[in-house]
Every structure is written in C-alpha cells, then in structure tokens.
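Order of appearance sets the numbers: ligands from 1, and atoms from 1 within every ligand.
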Amino acid sequence: MDVNNILVVGSGAMGSQIGMVAALAGYQVTVSDISAPMLEKAQAQLRSRMDNSVAKGRLSLEDAAAALGRLRFSTELAKAAASADLAIEAATENLEVKRGIFAALDAAAPPHAILATNSSTFGSSKVADATGRPGQVCNMHFFNPALVMKCVEVVRHEGTSQSTIDTVLAVATRMGKAPVLIEKEIPGFVANRLMGAIRDEALRLYADGIASFEDIDTAAKTALGHPMGPFELMDLVGLDVSHQIRLATFAETGDPADLPHPALTELVERGNYGRKSGKGWYSYDGVQQ
Ligand code: NAD
C-alpha cells in the first residue's frame, strides 16, 4: 500500500521525534496532541534540533526547511486523521487513553489506513478490538531518541494482516530505520527483553557481592562494547521508570521473577531516581539535568 500522509498521535518525547523522522523521510506529517502547549514545545524542540543538525553539517539547510515544511501540528485529531494513510499512536502509556484514541482514529481515518501503536508495553491486540479494522493494527515500536535509534520493532498480533506488516516494514525502511519483525506479542518485545536480561544479571552480580556496580558497568563497556553500563543506563532511564516497568510486567505475567529487584526497590524508596533526582546508582551533584 502507498503511504503518503502520516499522522502521529502524541507529541511527547517519542511522538515529536517520530513525526520529524517521518517528515525527513519525505512523508507529509501531522503531529497531533490534546495539549496545545505540548505541541508548541515539540515544534520548538524540533526546530532547534534541525538547526543543530544544519550547524553540525549533518543536514543541508534546504533539506531541514523542506522537512519542517512537511510537518504540521494540530489539536484536532479527527480532522488530521481524515487524510492519514498511517497513524502512529505515541500517546501517554495508559490503555484506556490508547483505546479511546484507536476508536477515534477508526471513526475518522479512511478505510485503507493502518493504525499502529508505539507502545512499549501494550501489544496492539489490546487496542485492535477498539477498532473495526483489527487486521490493519500492529505495533510500530521506536526507540528513544527516535531521531537517532535505528531499531523499529514491528509486532504483529494474531489478526494483523500480512499487507499491514509489509507496509509498516516498508515505511520504517524508508525512514532509514532497520525494522525487525516480531511474530508474536510478548511483554517487552525483543530489544527490551535483551536489555532486561542484562540488567537483571547485573543486579544479581552486584547484590551477591561479586563485583561493584562501577566494575560491572566497566565490563559491559570494555568487554561487550556497550556504550553505557547497565547501572548507568538505569540512572539515565530513571530508576522509578525501571521499577514501574517491572511492576507492570509482573501485573501482566504474575511471575515473581518479573518483580523489581530489591536493590532497585530500595533506591526508589529512598527517592534516588537516577540522573533526574541527582542521585541513583551514581551521584550527579553539579551535573546539569
Ligand atoms: P510522553 O509523556 O512524553 O508524551 C505523551 C503525549 O501524549 C503527551 O504530549 C500527552 O499530552 C499526549 N496525550 C495524552 N493523551 C492524549 C490523547 N488522548 N490524544 C492525544 N495526545 C495525548 O510519553 P512518551 O515517552 O513519548 O511515550 C509515548 C508512548 O511511546 C508510550 O506508549 C510509550 O510506551 C512509548 N515509548 C516510549 C519510549 C520512551 O523511552 N519514552 C520508548 C519507546 C516507546
């Protein structure tokens, strides 16, 4: 299927950059949000990012201007959906909010349109039945920051049609991404499960007194070539976020192995959330957040 117009729903950390990625790839894009201030913030941030890319010689002035010219911002979801070939939902991680958006998209978007969710935790089967077109629903899961990270996980639910998958894979490829197809819904999909396994082992090694968390980070960087160690990454993502994700996974699976590690819970209970609170595994005194 030909995709020309893309609608991104949600203009937060993910939606704004997904919109920019799509506009840079030549698509006509509308980024929609219920919050006008969020849209204004997204617009300002994207302009400044493009200015930066031009200043660093990564992008020509003409290409940046053309991409920004293909990007619209709107609080009117139904109007924006009316011309969409593909909608990518990147709104707040709340199932009721997402189901409401999928129902609204289904009512307003043309019959051929594909509706994808960027959710990290909800498989698209959780929103597909809020629409009358479940075969045209899947996950299109970008990584943060979406302008930089190459991976896009395209996840099918049991009823996703092959043509939907083919189209979404082709769009991700045109966006310059390296899409990976995930054949079955599974909590965490693939990349976050791999990261989770490394993080869990790192926490175990630390809690068992095998090595300091600093040395475990050093090993991940110098032996495995990871740009950051698992403890540094937890501090960057936010220990509270990692903690919540584990609780959400446990709520879904009921497997005690999915509960947050006690060492993580202890830090969160002390209010040590990582970089954003100035202290997590490491201290960030004097570091500009
Ligand atoms: P965010 O909180 O930064 O942004 C969410 C945006 O959605 C806000 O601007 C909010 O105003 C908007 N919104 C809320 N309700 C809405 C509605 N009914 N209609 C339109 N807009 C609405 O969140 P985020 O970090 O960008 O995450 C968005 C989605 O992306 C989530 O599903 C999350 O699982 C997924 N995701 C996040 C990351 C990450 O690292 N942050 C990575 C991959 C995927």
Residues which pass side-chain hydrogen bond (donor to acceptor under 3.5 Å, both in side chains) with S124, listed by chain and number, not counting sequence neighbours: none
Parallel, tilted or perpendicular: ring planes of W281 versus Y206, cut at 30 and 60 degrees: perpendicular
E185/K126 under salt bridge (charged side-chain N to carboxylate O under 4.0 Å, His left out): CA gap, chis, key distance, verdict: CA-CA 10 Å; E185 287 186 349; K126 296 252 178 2; 5.9 Å; no
What pairs of donor and acceptor atoms, side-chain ones from residues 23-45 against any protein atom, are under 3.5 angstrom apart with sequence neighbours left out?
unit_1: S32; atom_1: OG; unit_2: S74; atom_2: O; d: 3.3
unit_1: D33; atom_1: OD1; unit_2: S35; atom_2: N; d: 2.9
unit_1: D33; atom_1: OD2; unit_2: S11; atom_2: N; d: 2.7
unit_1: D33; atom_1: OD2; unit_2: S11; atom_2: OG; d: 2.8
unit_1: S35; atom_1: OG; unit_2: M38; atom_2: N; d: 3.0

Greater than 12 external heavy atoms within 6.0 Å of K221's NZ: yes
Pair listing, salt bridge (charged side-chain N to carboxylate O under 4.0 Å, His left out) test, anchored in residues 204-218, at least two apart: E201-R204
Run through all N or O atoms in ligand 1 and write down each protein N or O closer than 3.5 Å, as a pair with its distance.
unit_1: ligand 1; atom_1: 3 (O); unit_2: A13; atom_2: N; d: 3.0
unit_1: ligand 1; atom_1: 7 (O); unit_2: T92; atom_2: N; d: 3.4
unit_1: ligand 1; atom_1: 9 (O); unit_2: D33; atom_2: OD2; d: 2.7
unit_1: ligand 1; atom_1: 11 (O); unit_2: D33; atom_2: OD1; d: 2.7
unit_1: ligand 1; atom_1: 26 (O); unit_2: A13; atom_2: N; d: 3.3
unit_1: ligand 1; atom_1: 26 (O); unit_2: M14; atom_2: N; d: 2.8
unit_1: ligand 1; atom_1: 30 (O); unit_2: N118; atom_2: ND2; d: 2.9
unit_1: ligand 1; atom_1: 32 (O); unit_2: A91; atom_2: O; d: 3.4
unit_1: ligand 1; atom_1: 32 (O); unit_2: E93; atom_2: OE1; d: 2.4
unit_1: ligand 1; atom_1: 32 (O); unit_2: K98; atom_2: NZ; d: 2.7
unit_1: ligand 1; atom_1: 34 (O); unit_2: E93; atom_2: OE1; d: 3.0
unit_1: ligand 1; atom_1: 34 (O); unit_2: E93; atom_2: OE2; d: 3.2
unit_1: ligand 1; atom_1: 34 (O); unit_2: S120; atom_2: N; d: 3.1
unit_1: ligand 1; atom_1: 34 (O); unit_2: S120; atom_2: OG; d: 3.4
unit_1: ligand 1; atom_1: 36 (N); unit_2: S120; atom_2: OG; d: 3.3
unit_1: ligand 1; atom_1: 40 (O); unit_2: N144; atom_2: ND2; d: 3.2

